[in-house]
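One structure is given here, and the rest of the page talks about it.
Hydrogens, waters and symmetry mates are skipped; everything else that's a heavy atom, side chains included, is used. Per chain, numbering begins at 1; letters A, B, ... match sequence-line order.
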Number of protein chains: 2
Amino acid sequence: MTTTDWLEELRGERPDLGRASTAGRVADVLRTRITEGHLRPGTRLSEEDIGAALGVSRNTLREAFRLLGHERLLVHEFNRGVFVRRLTVDDVRDLYQVRRILECGAVRRLAERLASAAAPSPTADLLAPVGAAVEEGESAAAQGAWVAVGTANMNFHQAVADLAQSPRVTEAMDHLLAELRLVFHVMDAPQAFHATYLPENRAILELLEAGDLAAAESAIATYLDAAEAQLVEAYAAAAARG
Amino acid sequence: MTTTDWLEELRGERPDLGRASTAGRVADVLRTRITEGHLRPGTRLSEEDIGAALGVSRNTLREAFRLLGHERLLVHEFNRGVFVRRLTVDDVRDLYQVRRILECGAVRRLAERLASAAAPSPTADLLAPVGAAVEEGESAAAQGAWVAVGTANMNFHQAVADLAQSPRVTEAMDHLLAELRLVFHVMDAPQAFHATYLPENRAILELLEAGDLAAAESAIATYLDAAEAQLVEAYAAAAARG
DNA sequence: GCGTGAAGGATTGTTCAACAATCCGTCAAT
DNA sequence: ATTGACGGATTGTTGAACAATCCTTCACGC
(Lines give C-alpha, C1' and ligand atoms only; values in the text may rest on other atoms or scores of the structure.)
Protein backbone atom coordinates (compact mmCIF):
# COMPACT_ATOMS: atom_id res chain seq x y z
CA MET A 1 0.00 0.00 0.00
CA THR A 2 1.56 3.24 -1.11
CA THR A 3 1.45 6.60 0.60
CA THR A 4 -1.15 7.99 -1.79
CA ASP A 5 -3.43 5.07 -0.98
CA TRP A 6 -3.29 5.97 2.68
CA LEU A 7 -4.14 9.55 1.93
CA GLU A 8 -6.93 8.53 -0.37
CA GLU A 9 -8.46 6.39 2.36
CA LEU A 10 -8.31 9.23 4.80
CA ARG A 11 -10.11 11.52 2.39
CA GLY A 12 -13.08 9.19 2.64
CA GLU A 13 -13.37 9.77 6.37
CA ARG A 14 -13.37 13.53 6.07
CA PRO A 15 -17.16 13.81 6.02
CA ASP A 16 -17.35 12.10 9.41
CA LEU A 17 -15.13 14.74 10.91
CA GLY A 18 -17.29 17.57 9.73
CA ARG A 19 -20.26 16.00 11.49
CA ALA A 20 -19.30 17.83 14.65
CA SER A 21 -21.81 20.59 13.96
CA THR A 22 -24.64 20.62 16.45
CA ALA A 23 -27.14 21.82 13.90
CA GLY A 24 -26.19 18.97 11.61
CA ARG A 25 -26.75 16.38 14.30
CA VAL A 26 -30.06 17.92 15.27
CA ALA A 27 -31.07 17.77 11.62
CA ASP A 28 -30.08 14.09 11.54
CA VAL A 29 -32.33 13.32 14.49
CA LEU A 30 -35.29 15.16 13.03
CA ARG A 31 -34.74 13.69 9.59
CA THR A 32 -34.91 10.18 10.97
CA ARG A 33 -38.07 10.89 12.90
CA ILE A 34 -39.66 12.37 9.79
CA THR A 35 -38.64 9.75 7.27
CA GLU A 36 -39.56 6.95 9.66
CA GLY A 37 -43.01 8.40 10.06
CA HIS A 38 -42.97 9.42 13.71
CA LEU A 39 -43.61 13.00 12.71
CA ARG A 40 -46.64 13.10 10.44
CA PRO A 41 -46.91 15.55 7.54
CA GLY A 42 -48.56 18.78 8.61
CA THR A 43 -47.16 18.68 12.13
CA ARG A 44 -45.89 22.00 13.32
CA LEU A 45 -42.42 21.97 14.86
CA SER A 46 -42.32 24.48 17.69
CA GLU A 47 -38.94 26.11 18.13
CA GLU A 48 -39.28 26.36 21.88
CA ASP A 49 -40.58 22.85 22.51
CA ILE A 50 -38.11 21.03 20.29
CA GLY A 51 -35.25 23.24 21.39
CA ALA A 52 -36.02 22.38 25.01
CA ALA A 53 -36.47 18.69 24.25
CA LEU A 54 -33.15 18.41 22.41
CA GLY A 55 -31.29 20.81 24.65
CA VAL A 56 -30.19 23.22 21.93
CA SER A 57 -30.81 26.90 21.52
CA ARG A 58 -33.38 28.36 19.16
CA ASN A 59 -30.68 29.69 16.86
CA THR A 60 -29.06 26.31 16.43
CA LEU A 61 -32.42 24.68 15.94
CA ARG A 62 -33.17 27.21 13.24
CA GLU A 63 -30.08 26.17 11.33
CA ALA A 64 -31.25 22.57 11.52
CA PHE A 65 -34.66 23.62 10.20
CA ARG A 66 -33.02 25.37 7.26
CA LEU A 67 -31.11 22.21 6.45
CA LEU A 68 -34.23 20.08 6.36
CA GLY A 69 -36.15 22.80 4.58
CA HIS A 70 -33.80 22.64 1.64
CA GLU A 71 -34.25 18.89 1.55
CA ARG A 72 -37.95 19.64 1.23
CA LEU A 73 -38.79 17.66 4.35
CA LEU A 74 -39.94 20.81 6.14
CA VAL A 75 -41.72 23.89 4.88
CA HIS A 76 -41.04 27.21 6.46
CA GLU A 77 -43.95 29.65 6.56
CA PHE A 78 -42.92 33.14 7.48
CA ASN A 79 -43.97 34.20 10.96
CA ARG A 80 -45.83 30.95 11.37
CA GLY A 81 -43.18 28.33 11.87
CA VAL A 82 -41.94 25.17 10.23
CA PHE A 83 -44.14 22.20 9.40
CA VAL A 84 -43.46 18.68 8.27
CA ARG A 85 -44.08 18.85 4.57
CA ARG A 86 -47.44 17.68 3.32
CA LEU A 87 -47.16 16.57 -0.27
CA THR A 88 -49.91 17.14 -2.76
CA VAL A 89 -50.85 14.69 -5.47
CA ASP A 90 -49.14 17.04 -7.92
CA ASP A 91 -45.98 16.71 -5.86
CA VAL A 92 -46.15 12.94 -6.16
CA ARG A 93 -46.56 13.21 -9.91
CA ASP A 94 -43.63 15.60 -10.11
CA LEU A 95 -41.45 13.32 -8.02
CA TYR A 96 -42.07 10.49 -10.46
CA GLN A 97 -41.46 12.80 -13.39
CA VAL A 98 -38.04 13.59 -11.96
CA ARG A 99 -37.41 9.93 -11.19
CA ARG A 100 -38.13 9.05 -14.81
CA ILE A 101 -35.64 11.66 -15.98
CA LEU A 102 -32.99 10.76 -13.42
CA GLU A 103 -33.16 6.97 -13.38
CA CYS A 104 -33.70 6.52 -17.09
CA GLY A 105 -31.13 9.22 -17.77
CA ALA A 106 -28.57 7.46 -15.61
CA VAL A 107 -28.98 4.22 -17.54
CA ARG A 108 -28.84 6.08 -20.82
CA ARG A 109 -25.65 7.88 -19.88
CA LEU A 110 -24.16 4.57 -18.84
CA ALA A 111 -25.09 3.12 -22.21
CA GLU A 112 -23.40 5.99 -24.04
CA ARG A 113 -20.31 5.62 -21.90
CA LEU A 114 -20.15 1.91 -22.70
CA ALA A 115 -20.67 2.57 -26.39
CA SER A 116 -17.78 5.02 -26.56
CA ALA A 117 -15.60 2.51 -24.74
CA ALA A 118 -16.71 -0.33 -27.02
CA ALA A 119 -17.67 -2.39 -23.99
CA PRO A 120 -20.38 -5.03 -24.41
CA SER A 121 -21.92 -4.78 -20.95
CA PRO A 122 -21.40 -2.97 -17.64
CA THR A 123 -18.63 -4.21 -15.40
CA ALA A 124 -19.67 -6.31 -12.43
CA ASP A 125 -18.46 -3.83 -9.83
CA LEU A 126 -20.60 -1.12 -11.35
CA LEU A 127 -23.73 -3.21 -10.94
CA ALA A 128 -22.76 -4.64 -7.57
CA PRO A 129 -24.82 -2.14 -5.53
CA VAL A 130 -27.85 -2.77 -7.74
CA GLY A 131 -27.58 -6.52 -7.28
CA ALA A 132 -27.04 -6.16 -3.56
CA ALA A 133 -30.23 -4.13 -3.23
CA VAL A 134 -32.23 -6.71 -5.17
CA GLU A 135 -31.07 -9.56 -2.96
CA GLU A 136 -31.51 -7.46 0.15
CA GLY A 137 -35.13 -6.92 -0.82
CA GLU A 138 -35.82 -10.55 -1.66
CA SER A 139 -34.34 -11.91 1.54
CA ALA A 140 -36.19 -9.31 3.58
CA ALA A 141 -39.44 -10.31 1.90
CA ALA A 142 -38.71 -13.97 2.62
CA GLN A 143 -38.39 -13.12 6.30
CA GLY A 144 -41.46 -10.95 6.27
CA ALA A 145 -39.46 -7.89 7.23
CA TRP A 146 -41.63 -5.47 5.31
CA VAL A 147 -40.00 -2.33 6.50
CA ALA A 148 -36.67 -3.67 5.27
CA VAL A 149 -38.30 -4.47 1.93
CA GLY A 150 -39.19 -0.80 1.59
CA THR A 151 -35.69 0.44 2.31
CA ALA A 152 -34.22 -2.19 0.00
CA ASN A 153 -36.48 -0.96 -2.77
CA MET A 154 -35.27 2.58 -2.16
CA ASN A 155 -31.67 1.35 -2.21
CA PHE A 156 -32.31 -0.32 -5.52
CA HIS A 157 -33.45 2.86 -7.20
CA GLN A 158 -30.71 4.86 -5.55
CA ALA A 159 -28.23 2.38 -6.97
CA VAL A 160 -29.76 2.74 -10.43
CA ALA A 161 -29.43 6.51 -10.26
CA ASP A 162 -25.84 6.11 -9.09
CA LEU A 163 -25.05 4.47 -12.41
CA ALA A 164 -24.74 8.02 -13.72
CA GLN A 165 -21.66 8.26 -11.49
CA SER A 166 -22.59 11.82 -10.73
CA PRO A 167 -22.39 13.18 -7.17
CA ARG A 168 -25.15 15.66 -7.90
CA VAL A 169 -27.47 13.03 -9.29
CA THR A 170 -26.79 10.86 -6.26
CA GLU A 171 -27.66 13.67 -3.90
CA ALA A 172 -30.76 14.66 -5.84
CA MET A 173 -31.99 11.08 -5.79
CA ASP A 174 -31.29 10.86 -2.08
CA HIS A 175 -33.43 13.89 -1.34
CA LEU A 176 -36.09 12.73 -3.74
CA LEU A 177 -36.48 9.37 -2.03
CA ALA A 178 -36.61 11.05 1.37
CA GLU A 179 -39.51 13.12 0.06
CA LEU A 180 -41.23 10.02 -1.20
CA ARG A 181 -41.06 8.46 2.24
CA LEU A 182 -43.39 11.23 3.36
CA VAL A 183 -45.96 9.76 1.00
CA PHE A 184 -45.54 6.16 2.00
CA HIS A 185 -46.33 6.82 5.63
CA VAL A 186 -49.70 8.28 4.74
CA MET A 187 -50.71 5.15 2.86
CA ASP A 188 -52.46 2.17 4.39
CA ALA A 189 -50.14 -0.67 3.50
CA PRO A 190 -46.83 0.57 2.16
CA GLN A 191 -45.41 -2.90 2.74
CA ALA A 192 -47.54 -4.53 0.07
CA PHE A 193 -46.78 -1.64 -2.24
CA HIS A 194 -43.05 -2.27 -2.19
CA ALA A 195 -43.28 -6.05 -2.29
CA THR A 196 -45.22 -5.90 -5.56
CA TYR A 197 -42.23 -4.63 -7.43
CA LEU A 198 -39.54 -7.01 -6.22
CA PRO A 199 -39.67 -9.24 -9.34
CA GLU A 200 -39.46 -6.17 -11.54
CA ASN A 201 -36.31 -5.06 -9.78
CA ARG A 202 -34.67 -8.39 -10.51
CA ALA A 203 -35.78 -8.25 -14.13
CA ILE A 204 -34.20 -4.82 -14.49
CA LEU A 205 -31.01 -6.06 -12.90
CA GLU A 206 -30.80 -8.96 -15.34
CA LEU A 207 -31.30 -6.64 -18.29
CA LEU A 208 -28.49 -4.46 -17.00
CA GLU A 209 -26.20 -7.44 -16.52
CA ALA A 210 -26.99 -8.67 -20.02
CA GLY A 211 -25.95 -5.30 -21.39
CA ASP A 212 -29.36 -4.56 -22.89
CA LEU A 213 -29.49 -1.07 -21.45
CA ALA A 214 -32.20 0.16 -23.78
CA ALA A 215 -34.54 -2.55 -22.53
CA ALA A 216 -33.57 -1.80 -18.96
CA GLU A 217 -34.34 1.87 -19.44
CA SER A 218 -37.71 1.05 -20.90
CA ALA A 219 -38.45 -1.40 -18.07
CA ILE A 220 -37.66 1.29 -15.51
CA ALA A 221 -39.97 3.70 -17.30
CA THR A 222 -42.92 1.32 -17.25
CA TYR A 223 -42.13 0.43 -13.64
CA LEU A 224 -42.27 4.09 -12.70
CA ASP A 225 -45.47 4.67 -14.63
CA ALA A 226 -47.18 1.81 -12.84
CA ALA A 227 -45.87 2.79 -9.43
CA GLU A 228 -46.92 6.38 -9.94
CA ALA A 229 -50.45 5.39 -10.94
CA GLN A 230 -50.85 3.07 -7.98
CA LEU A 231 -49.35 5.56 -5.57
CA VAL A 232 -51.36 8.51 -6.82
CA GLU A 233 -54.57 6.55 -6.43
CA ALA A 234 -53.76 5.32 -2.94
CA TYR A 235 -52.50 8.73 -1.87
CA ALA A 236 -55.52 10.58 -3.17
CA ALA A 237 -57.75 8.19 -1.25
CA ALA A 238 -55.73 8.59 1.95
CA ALA A 239 -55.66 12.36 1.57
CA ALA A 240 -59.40 12.46 1.04
CA ARG A 241 -59.95 10.60 4.30
CA GLY A 242 -57.77 13.05 6.18
CA MET B 1 -63.52 35.52 -15.40
CA THR B 2 -64.92 33.32 -12.68
CA THR B 3 -64.20 33.46 -8.96
CA THR B 4 -61.90 30.46 -9.04
CA ASP B 5 -59.82 32.15 -11.72
CA TRP B 6 -59.27 35.11 -9.44
CA LEU B 7 -58.18 32.88 -6.63
CA GLU B 8 -55.92 30.91 -8.89
CA GLU B 9 -54.20 34.10 -10.00
CA LEU B 10 -53.64 35.16 -6.43
CA ARG B 11 -52.01 31.86 -5.59
CA GLY B 12 -49.26 32.77 -8.03
CA GLU B 13 -48.38 35.87 -6.05
CA ARG B 14 -47.96 34.02 -2.79
CA PRO B 15 -44.21 33.56 -3.12
CA ASP B 16 -43.72 37.33 -3.32
CA LEU B 17 -45.41 37.76 0.01
CA GLY B 18 -43.02 35.45 1.78
CA ARG B 19 -40.02 37.46 0.63
CA ALA B 20 -40.08 39.57 3.75
CA SER B 21 -37.36 37.57 5.49
CA THR B 22 -34.16 39.48 6.16
CA ALA B 23 -32.00 36.43 5.73
CA GLY B 24 -33.63 35.79 2.35
CA ARG B 25 -32.92 39.29 1.15
CA VAL B 26 -29.34 39.14 2.36
CA ALA B 27 -28.97 35.88 0.45
CA ASP B 28 -30.36 37.59 -2.65
CA VAL B 29 -27.78 40.37 -2.42
CA LEU B 30 -24.89 37.96 -1.95
CA ARG B 31 -26.16 35.65 -4.67
CA THR B 32 -26.15 38.47 -7.20
CA ARG B 33 -22.69 39.59 -6.27
CA ILE B 34 -21.44 36.03 -6.60
CA THR B 35 -23.12 35.10 -9.87
CA GLU B 36 -22.15 38.44 -11.40
CA GLY B 37 -18.54 37.80 -10.55
CA HIS B 38 -17.90 40.56 -8.02
CA LEU B 39 -17.04 37.95 -5.42
CA ARG B 40 -14.40 35.65 -6.86
CA PRO B 41 -14.31 31.94 -6.02
CA GLY B 42 -12.15 31.23 -3.00
CA THR B 43 -12.97 34.51 -1.30
CA ARG B 44 -13.66 34.16 2.39
CA LEU B 45 -16.80 35.85 3.64
CA SER B 46 -16.19 37.20 7.11
CA GLU B 47 -19.25 37.14 9.32
CA GLU B 48 -18.33 40.31 11.12
CA ASP B 49 -17.34 42.37 8.09
CA ILE B 50 -20.31 41.46 5.93
CA GLY B 51 -22.69 41.68 8.84
CA ALA B 52 -21.50 45.19 9.56
CA ALA B 53 -21.56 46.19 5.89
CA LEU B 54 -25.12 44.97 5.42
CA GLY B 55 -26.33 45.99 8.82
CA VAL B 56 -27.56 42.59 9.94
CA SER B 57 -26.61 40.47 12.91
CA ARG B 58 -24.32 37.49 12.72
CA ASN B 59 -27.18 35.10 13.35
CA THR B 60 -29.20 36.43 10.44
CA LEU B 61 -26.16 36.43 8.20
CA ARG B 62 -25.56 32.82 9.10
CA GLU B 63 -29.01 31.88 7.89
CA ALA B 64 -28.25 33.59 4.61
CA PHE B 65 -24.96 31.70 4.35
CA ARG B 66 -26.77 28.45 4.96
CA LEU B 67 -29.21 29.21 2.16
CA LEU B 68 -26.44 29.90 -0.35
CA GLY B 69 -24.51 26.91 0.89
CA HIS B 70 -27.33 24.64 -0.16
CA GLU B 71 -27.32 26.26 -3.57
CA ARG B 72 -23.66 25.28 -3.70
CA LEU B 73 -22.53 28.85 -4.19
CA LEU B 74 -20.76 28.89 -0.84
CA VAL B 75 -18.83 26.20 0.98
CA HIS B 76 -18.84 26.10 4.73
CA GLU B 77 -15.69 24.83 6.42
CA PHE B 78 -16.14 24.08 10.07
CA ASN B 79 -14.45 26.57 12.39
CA ARG B 80 -12.93 28.30 9.38
CA GLY B 81 -15.77 30.19 7.78
CA VAL B 82 -17.61 30.32 4.47
CA PHE B 83 -15.95 30.75 1.11
CA VAL B 84 -17.21 31.44 -2.37
CA ARG B 85 -17.17 28.04 -3.97
CA ARG B 86 -14.21 27.16 -6.13
CA LEU B 87 -15.23 24.52 -8.64
CA THR B 88 -12.87 21.79 -9.71
CA VAL B 89 -12.65 20.45 -13.23
CA ASP B 90 -14.49 17.39 -11.98
CA ASP B 91 -17.30 19.66 -10.82
CA VAL B 92 -17.56 21.13 -14.31
CA ARG B 93 -17.75 17.66 -15.82
CA ASP B 94 -20.42 16.66 -13.33
CA LEU B 95 -22.45 19.77 -14.03
CA TYR B 96 -22.50 18.90 -17.72
CA GLN B 97 -23.36 15.31 -16.92
CA VAL B 98 -26.40 16.52 -15.03
CA ARG B 99 -27.26 18.97 -17.79
CA ARG B 100 -27.24 16.14 -20.31
CA ILE B 101 -29.61 14.14 -18.15
CA LEU B 102 -31.88 17.05 -17.36
CA GLU B 103 -32.08 18.85 -20.69
CA CYS B 104 -32.20 15.75 -22.86
CA GLY B 105 -34.56 14.14 -20.38
CA ALA B 106 -36.90 17.11 -20.52
CA VAL B 107 -37.13 16.89 -24.31
CA ARG B 108 -37.62 13.16 -24.13
CA ARG B 109 -40.42 13.44 -21.59
CA LEU B 110 -42.05 16.05 -23.79
CA ALA B 111 -41.82 13.67 -26.73
CA GLU B 112 -43.49 10.88 -24.76
CA ARG B 113 -46.21 13.24 -23.62
CA LEU B 114 -46.87 14.29 -27.20
CA ALA B 115 -46.89 10.69 -28.37
CA SER B 116 -49.50 9.67 -25.83
CA ALA B 117 -51.61 12.65 -26.87
CA ALA B 118 -51.16 11.85 -30.56
CA ALA B 119 -49.94 15.40 -31.17
CA PRO B 120 -47.61 16.00 -34.12
CA SER B 121 -45.52 18.78 -32.57
CA PRO B 122 -45.30 20.91 -29.43
CA THR B 123 -47.78 23.72 -29.07
CA ALA B 124 -46.49 27.21 -29.74
CA ASP B 125 -47.00 28.45 -26.20
CA LEU B 126 -44.86 25.64 -24.82
CA LEU B 127 -41.94 26.67 -27.01
CA ALA B 128 -42.49 30.40 -26.59
CA PRO B 129 -39.90 30.83 -23.82
CA VAL B 130 -37.35 28.88 -25.85
CA GLY B 131 -37.91 31.07 -28.89
CA ALA B 132 -37.80 34.23 -26.82
CA ALA B 133 -34.41 33.24 -25.40
CA VAL B 134 -33.03 32.55 -28.87
CA GLU B 135 -34.08 35.95 -30.21
CA GLU B 136 -32.93 37.65 -27.04
CA GLY B 137 -29.47 36.19 -27.58
CA GLU B 138 -29.29 37.07 -31.27
CA SER B 139 -30.35 40.67 -30.78
CA ALA B 140 -27.95 41.06 -27.88
CA ALA B 141 -25.12 39.72 -30.03
CA ALA B 142 -26.07 42.14 -32.83
CA GLN B 143 -25.71 45.01 -30.38
CA GLY B 144 -22.46 43.68 -28.98
CA ALA B 145 -24.01 43.28 -25.53
CA TRP B 146 -21.95 40.24 -24.63
CA VAL B 147 -23.05 39.97 -21.05
CA ALA B 148 -26.65 39.86 -22.25
CA VAL B 149 -25.68 37.13 -24.70
CA GLY B 150 -24.51 35.04 -21.78
CA THR B 151 -27.70 35.44 -19.79
CA ALA B 152 -29.77 34.78 -22.90
CA ASN B 153 -27.88 31.55 -23.43
CA MET B 154 -28.64 30.55 -19.85
CA ASN B 155 -32.29 31.44 -20.36
CA PHE B 156 -32.37 29.24 -23.43
CA HIS B 157 -31.21 26.18 -21.58
CA GLN B 158 -33.42 26.95 -18.63
CA ALA B 159 -36.34 27.10 -21.05
CA VAL B 160 -35.36 23.75 -22.53
CA ALA B 161 -35.29 22.16 -19.08
CA ASP B 162 -38.66 23.74 -18.34
CA LEU B 163 -40.14 21.65 -21.15
CA ALA B 164 -40.31 18.87 -18.57
CA GLN B 165 -42.94 21.02 -16.85
CA SER B 166 -41.56 19.94 -13.52
CA PRO B 167 -41.03 22.44 -10.69
CA ARG B 168 -38.20 20.36 -9.29
CA VAL B 169 -36.40 20.15 -12.61
CA THR B 170 -36.81 23.90 -13.03
CA GLU B 171 -35.29 24.58 -9.65
CA ALA B 172 -32.47 22.10 -10.14
CA MET B 173 -31.60 23.71 -13.47
CA ASP B 174 -31.70 27.14 -11.88
CA HIS B 175 -29.19 26.16 -9.21
CA LEU B 176 -27.08 24.33 -11.76
CA LEU B 177 -26.75 27.36 -14.00
CA ALA B 178 -25.90 29.54 -11.02
CA GLU B 179 -23.07 27.15 -10.25
CA LEU B 180 -21.88 27.31 -13.83
CA ARG B 181 -21.64 31.06 -13.61
CA LEU B 182 -18.88 30.54 -11.07
CA VAL B 183 -16.90 28.92 -13.86
CA PHE B 184 -17.53 31.53 -16.51
CA HIS B 185 -16.10 34.34 -14.41
CA VAL B 186 -12.79 32.54 -14.10
CA MET B 187 -12.40 32.27 -17.89
CA ASP B 188 -10.71 34.83 -20.08
CA ALA B 189 -13.42 35.59 -22.61
CA PRO B 190 -16.76 34.14 -21.58
CA GLN B 191 -18.40 36.38 -24.16
CA ALA B 192 -16.90 34.59 -27.12
CA PHE B 193 -17.75 31.29 -25.49
CA HIS B 194 -21.45 32.01 -25.41
CA ALA B 195 -21.64 33.66 -28.81
CA THR B 196 -20.24 30.54 -30.46
CA TYR B 197 -23.35 28.60 -29.70
CA LEU B 198 -26.03 31.05 -30.81
CA PRO B 199 -26.62 29.33 -34.17
CA GLU B 200 -26.91 25.98 -32.43
CA ASN B 201 -29.59 27.32 -30.16
CA ARG B 202 -31.66 28.41 -33.15
CA ALA B 203 -31.13 25.04 -34.82
CA ILE B 204 -32.40 23.27 -31.71
CA LEU B 205 -35.41 25.59 -31.56
CA GLU B 206 -36.29 24.80 -35.17
CA LEU B 207 -36.05 21.07 -34.54
CA LEU B 208 -38.39 21.46 -31.58
CA GLU B 209 -40.85 23.51 -33.63
CA ALA B 210 -40.75 20.94 -36.41
CA GLY B 211 -41.67 18.26 -33.90
CA ASP B 212 -38.50 16.27 -34.47
CA LEU B 213 -37.77 15.87 -30.79
CA ALA B 214 -35.37 12.97 -31.19
CA ALA B 215 -33.14 15.12 -33.40
CA ALA B 216 -33.46 18.00 -30.97
CA GLU B 217 -32.40 15.80 -28.09
CA SER B 218 -29.41 14.56 -29.99
CA ALA B 219 -28.48 18.11 -31.01
CA ILE B 220 -28.57 19.19 -27.38
CA ALA B 221 -26.36 16.26 -26.43
CA THR B 222 -23.70 17.13 -28.99
CA TYR B 223 -23.97 20.79 -28.03
CA LEU B 224 -23.31 19.89 -24.40
CA ASP B 225 -20.41 17.61 -25.28
CA ALA B 226 -18.74 20.35 -27.27
CA ALA B 227 -19.38 23.02 -24.67
CA GLU B 228 -18.06 20.79 -21.91
CA ALA B 229 -14.87 20.03 -23.80
CA GLN B 230 -14.23 23.67 -24.58
CA LEU B 231 -15.05 24.76 -21.07
CA VAL B 232 -12.98 22.10 -19.35
CA GLU B 233 -9.97 23.04 -21.45
CA ALA B 234 -10.32 26.77 -20.82
CA TYR B 235 -11.04 26.24 -17.14
CA ALA B 236 -8.09 23.95 -16.60
CA ALA B 237 -5.84 26.54 -18.23
CA ALA B 238 -7.26 29.34 -16.10
CA ALA B 239 -7.00 27.27 -12.93
CA ALA B 240 -3.38 26.41 -13.72
CA ARG B 241 -2.53 30.11 -14.02
CA GLY B 242 -4.03 30.87 -10.66
C1' DG C 1 18.88 26.40 8.00
C1' DC C 2 14.89 23.67 9.35
C1' DG C 3 11.39 21.35 11.64
C1' DT C 4 9.09 21.55 16.36
C1' DG C 5 6.21 23.41 19.66
C1' DA C 6 4.09 27.03 22.50
C1' DA C 7 1.87 31.59 23.08
C1' DG C 8 -1.30 34.99 21.29
C1' DG C 9 -4.84 37.04 18.56
C1' DA C 10 -8.59 36.52 15.56
C1' DT C 11 -12.66 34.06 13.98
C1' DT C 12 -16.16 30.94 14.36
C1' DG C 13 -19.67 27.87 17.20
C1' DT C 14 -23.21 28.15 20.39
C1' DT C 15 -26.05 29.92 23.82
C1' DC C 16 -28.91 33.25 26.16
C1' DA C 17 -31.98 37.07 26.89
C1' DA C 18 -34.62 40.64 25.12
C1' DC C 19 -37.76 43.21 22.12
C1' DA C 20 -40.44 43.95 17.84
C1' DA C 21 -43.47 41.98 14.47
C1' DT C 22 -46.80 38.87 13.27
C1' DC C 23 -50.28 35.40 13.63
C1' DC C 24 -54.27 32.99 15.81
C1' DG C 25 -58.31 32.38 18.53
C1' DT C 26 -61.83 34.75 21.13
C1' DC C 27 -65.41 37.77 21.77
C1' DA C 28 -68.37 41.55 21.06
C1' DA C 29 -70.96 44.43 17.73
C1' DT C 30 -73.52 45.23 13.67
C1' DA D 1 -72.98 35.39 9.45
C1' DT D 2 -69.44 38.79 8.72
C1' DT D 3 -66.59 42.29 10.57
C1' DG D 4 -63.43 44.38 13.77
C1' DA D 5 -60.78 44.77 17.90
C1' DC D 6 -58.26 42.72 21.73
C1' DG D 7 -54.74 39.66 23.94
C1' DG D 8 -51.80 35.66 24.21
C1' DA D 9 -48.52 32.99 21.94
C1' DT D 10 -44.93 32.28 18.52
C1' DT D 11 -41.65 33.69 15.44
C1' DG D 12 -38.02 37.29 13.55
C1' DT D 13 -34.05 39.64 14.69
C1' DT D 14 -30.67 41.62 17.40
C1' DG D 15 -26.72 42.10 20.62
C1' DA D 16 -23.66 40.32 23.80
C1' DA D 17 -21.14 36.80 25.88
C1' DC D 18 -18.15 32.74 26.35
C1' DA D 19 -15.94 28.43 24.69
C1' DA D 20 -13.64 26.13 20.97
C1' DT D 21 -10.84 26.27 17.17
C1' DC D 22 -7.73 27.96 13.78
C1' DC D 23 -3.84 30.79 11.96
C1' DT D 24 0.24 33.43 12.66
C1' DT D 25 4.21 34.45 14.93
C1' DC D 26 8.15 33.57 17.34
C1' DA D 27 11.40 31.36 20.02
C1' DC D 28 13.80 27.03 20.71
C1' DG D 29 16.78 23.09 19.81
C1' DC D 30 18.85 20.04 16.42
| note | Considering only heavy side-chain atoms of A/Arg62, the closest of C/dG13, D/dT14, D/dG12 is D/dG12
| remark: note: B/Asn79, atom CG; D/dT21, atom C1'; distance rounded to Å ~ 4 Å
| said: Under 4.0 Å, counting only non-hydrogen atoms across every strand here, what does B/Gly55 touch: a base, just sugar-phosphate, or nothing? | reply: sugar-phosphate
| query | Atom CZ of A/Arg66 to atom P of D/dT13: distance rounded to whole Å? | reply | 8 Å
| message | Can you measure B/Arg44 atom CZ to D/dT24 atom C1' for me and round it to whole angstrom units? | response | 14 Å
| remark: Here the distance between atom P of C/dT15 and atom CG of A/Leu61, to the nearest Å, is 10 Å
| field | Whole-Å gap separating C1' (D/dC23) and CZ (B/Phe78) | value | 17 Å
| query | Rounded to whole angstroms, how far apart are CD on A/Glu47 and C1' on C/dA18? | reply | 15 Å
| Quick one: on DNA chain C, does B/Arg58 or A/Arg58 contact a more 5' nucleotide (nearest heavy atom)? | B/Arg58
| Below 4.0 angstrom, N of the basic side chain to O of the carboxylate: do A/Asp91 and A/Arg72 qualify? | no
| request: Please determine if a side-chain N or O atom of B/Thr22 lies less than 4.0 Å away from the OP1 or OP2 oxygen of D/dG12. | output: no
| request: Ignoring backbone atoms, test whether A/Thr60 places a side-chain nitrogen or oxygen under 4.0 Å from the OP1 or OP2 oxygen of C/dG13. | output: no
| said: Let's see if you can work this out: which of C/dT15, C/dG13, D/dT11 has an atom nearest to the side-chain heavy atoms of A/Ser46? | reply: D/dT11
| Roughly, in whole Å, what's the span from CD in A/Glu48 to C1' in C/dA17? | 12 Å
| query | Does the ring centre of B/Tyr223 sit less than 6.0 Å away from the ring centre of B/His157? | reply | yes
| said: Using the rule given for side chain to side chain donor-acceptor pair (under 3.5 Å), can you reason through A/Asn59 versus A/Ser57, listing the C-alpha separation, both sets of side-chain angles and the distance that settles it, and then say yes or no? | reply: CA-CA 5 Å; A/Asn59 285 321; A/Ser57 85; 4.8 Å; no
| Among C/dT15, D/dG12, C/dT11, which is the nearest nucleotide to the side chain of A/Ser57? | C/dT15
| field | Any B/Arg80 side-chain N or O less than 4.0 Å from OP1/OP2 of D/dC23 | value | yes
| said: From C-beta outward on A/Asn59, which listed nucleotide comes closest to its side chain: D/dT11, C/dT15, D/dG12? | reply: C/dT15
| query | In terms of side-chain geometry, is the basic nitrogen of B/Glu228 or B/Arg99 positioned less than 4.0 Å from the acidic oxygen of its partner? | reply | no
| message | Please pick, from C/dG13, C/dT11, D/dG12, the nucleotide with the shortest atom-to-atom distance to any side-chain atom of A/His76. | response | D/dG12
| said: From CD of B/Glu63 over to C1' of D/dT14, roughly how many Å is that when rounded to an integer? | reply: 12 Å
| Under a 4.0 Å N-O cut-off, is there an ion pair linking B/Asp28 with B/Arg25? | no
